[in-house]
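Below: one structure, written as structure tokens.
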Amino acid sequence: MEQQLLVSSILRHAERHHARQEIVSARVEGDIHRYTYADMAVRARQLANTLDDLDLDAGARVATLAWNGYRHLELYFAASGSGRVLHTVNPRLHPDQIAWIIDDAADGALFFEASFLPLVAQIASSLTTVRHFVLLADSVPDSPEAAAIPGLVAYEPLVAAASSTYDWPDFDEHRAAALCYTSGTTGNPKGALYSHRSTLLHCYAVAMPDAMGFSAREVVLPIVPMFHVNAWGMPYAAAIVGAKLVLPGPDLSGPALHELQEAEGVTFSASVPTVWAGQLEHLRKLGTSPSTLRRAVVGGAACPPAMLRELRDVHGLEVVHGWGMTETSPFGTAGVLKAHHADLDPADREAVQLRQGRVVFGIDLKIVDDEGVEQPWDGVTSGHLMARGHWVLAEYYNRRDLEPLVDGWFPTGDIASIDADGFMMITDRSKDVIKSGGEWISSVQIEGLAMSHPDIDLAACIGVPHPKWDERPVLVVTRAPGVSLDEDGLRKHLVGEIPSWWMPDRIVFVDEIPIGATGKIVKTSLREEYADLLVAAGA
Ligand code: AMP
């Protein structure tokens with residue numbers, strides 16, 4: 001039997017087989033909203049009729065500026081399911097970049113949350129393609145900001161007025177379902193377009209036991225934003241297994257997340273290290289552990305060893321380190337151990353857990369040298385990480401001029417090693433790698449080690465131009481509140497743990513390290529700030 005792999009089939013399945021399962025959302029309005037997959041399916045059909053009424057053609061891009069919540073979820077299913085393209089826009093980008101992205105995608109409608117009224121009011125007049133502005137709320141407020149947005153309407157009355165009868169159309173699974181832009185730390189962002197087929201295969205992979213391990217018995221809290229690579233596919237993966245879904249809304253602080261996890265019996269959570277750090281700080285203050293949480297996925301940036309230990313040893317969580325990127329939908333690897341790892345001594349087992357993990361079926365990796373020659377999987381040799389698979393992009397959206405693939409593989413821009421079991425470890429982003437006297441120094445390892453000092457909150461290691469060695473490492477750190485650790489103290493902590501020539505030339509204590517729109521450290525601005533540090537000092 002041939003059936004197209006369509007996003008609407010996820011919704012049909014969840015409605016028929018997990019109708020009573022709950023979806024709980026912390027709303028921007030400040031309260032908790034709860035309903036079921038069956039309720040969501042009804043509203044998604046109403047929304048699909050609304051999109052028809054708004055005269056958005058098949059294939060039209062429907063943009064969102066929204067938190068993790070039920071209305072955003074309805075847009076996920078209604079936009080893609082009806083044959084349109086869901087375009088999730090990252091509200092943390094600069095307003096000019098947001099306007100550029102919406103124009104580049106030629107979005108026909110923009111659905112946005114009340115938090116972003118000032119932002120949308122600021123950019124509305126420069127958006128050339130958006131014909132419909134829809135506020136995800138009960139009504140449009142009587143405010144100068146709302147008045148500045150042409151034809152602004154509220155979501156709830158539109159949806160309420162629409163019929164709940166809608167036949168999800170059948171079409172070719174290779175059609176586009178969703179669009180995400182890379183974060184664009186260098187130059188303008190580029191769009192990655194996901195097909196229905198790639199989205200379906202990706203969510204199967206995400207749900208697998210050796211990936212995120214979802215089931216109908218799990219309570220899943222995706223902290224990773226639905227505006228950043230579709231929350232790592234979790235909204236879809238939760239729906240195919242019928243997991244209870246808990247969506248945290250705008251407040252991602254340690255206290256808010258802990259309260260929600262406890263109230264809803266959350267068993268699974270996934271986010272970037274900076275957000276986990278906030279949760280751990282709160283748990284330390286309370287002197288408590290989560291009572292229902294069992295599994296923690298840490299991804300998007302390297303999981304510092306100290307974070308792994310605290311989550312695992314203090315809070316008893318199974319920690320899964322994950323890697324992926326916008327161009328890989330994003331799921332690439334997960335650090336779920338194999339049976340024989342149980343025989344390793346704890347230090348060796350931990351070393352495996354700290355690697356970014358291994359692929360599941362559907363994606364493949366290799367590492368190559370500068371000439372493109374494949375490198376051995378010995379766990380030590382590093383090279384340029386290349387990926388291919390059912391959910392890896394072939395080209396960027398509207399950028400036929402770029403040819404991202406090399407011999408059918410996507411160069412990820414990461415530098416990694418792979419061990420004999422296929423466990424990949426990122427040593428650096430190729431643009432972040434520090435090249436001292438022609439040899440590579442791993443900034444990721446130095447950062448992880450620095451953050452394993454209890455007095456260090458955050459660490460960023462950058463390559464700074466040096467008259468003799470081309471580049472030398474400079475370590476920029478923030479201290480935990482109320483401690484007085486100095487440079488000497490931190491150096492002592494690093495001695496013996498890294499090769500002596502990796503020792504940073506300078507350690508700089510700062511109040512704040514810049515964090516970008518996807519929760520990762522912005523090393524480009526640090527590199528600019530400290531560009532002259534070693535030259536000026538005549539080092
Ligand atoms: P983005 O496309 O914004 O999701 O960024 C993808 C990039 O984030 C990857 O190419 C890696 O450089 C980095 N990244 C993602 N996960 C990890 C991880 N677990 N450890 C280290 N770097 C990571």
Side-chain angles (χ1 to χ4, degrees), residues 88-90 92-93 97 101 179-187 189-194 202 206 211-212 222 224-234 270-276 296-305 307-308 311 319-336 352-359 363 365 367 382 384-387 391-393 396-397 404 409-418 423-433 442-448 451 459-461 515-524:
T88 52
V89 184
N90 186 338
R92 296 202 183 113
L93 294 171
Q97 215 167 29
I101 287 174
L179 176 64
C180 292
Y181 276 69
T182 58
S183 39
T185 39
T186 49
K190 297 188 285 290
L193 195 59
Y194 311 125
H202 177 258
V206 165
M212 307 224 187
V224 201
M226 288 166 72
F227 58 70
H228 183 220
V229 268
N230 299 332
W232 300 350
M234 285 184 272
S271 69
V272 291
T274 43
V275 175
W276 277 117
V297 170
V298 185
C303 174
M307 179 170 285
L308 167 75
L311 289 166
V319 182
V320 177
H321 195 185
W323 166 88
M325 57 196 310
T326 307
E327 290 89 338
T328 63
S329 291
F331 176 64
T333 62
V336 180
V352 180
Q353 280 189 300
L354 283 169
R355 300 183 78 88
Q356 272 74 4
R358 59 193 167 93
V359 300
I363 191 160
L365 298 178
I367 44 172
S382 59
H384 302 278
L385 180 68
M386 317 282 282
W391 49 89
V392 178
L393 64 55
Y396 288 102
Y397 176 69
W409 292 78
F410 175 72
T412 64
D414 287 324
I415 305 294
S417 68
I418 303 180
F423 277 71
M424 182 272 286
M425 183 165 116
I426 304 265
T427 47
D428 247 315
R429 205 66 205 138
S430 57
K431 62 184 185 325
D432 290 340
V433 100
S442 164
S443 67
V444 176
Q445 273 186 47
I446 297 176
E447 287 157 6
M451 285 190 279
C461 190
I515 301 287
T518 55
K520 302 179 199 188
I521 294 170
V522 189
K523 288 200 179 172
T524 38

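Sequential numbering from 1 along the given sequence is applied to the chain's residues. Order of appearance sets the numbers: ligands from 1, and atoms from 1 within every ligand.
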Just checking, is any N or O donor in the side chain of T333 or W323 under 3.5 Å from an acceptor N or O on the other one? no
Indicate whether the side chain of S443 and that of D428 have a donor and an acceptor atom separated by less than 3.5 Å. yes
Under 3.5 Å donor-acceptor, S442 side chain and T427 backbone: yes
How close do T518 and V272 get, heavy atom to heavy atom, and via which atoms? O-CG1, 4.1 Å
Looking only at heavy atoms, the pair that brings M234 and A270 closest together is CE-CB, 3.6 Å
What is the minimum heavy-atom distance between P330 and H202, and which atoms define it? N-NE2, 3.4 Å
Expected contact list for ligand 1 at under 4.0 angstrom, heavy-atom basis, is S183, H228, G300, A301, A302, H321, G322, W323, G324, M325, T326, Q356, D414, R429, K520
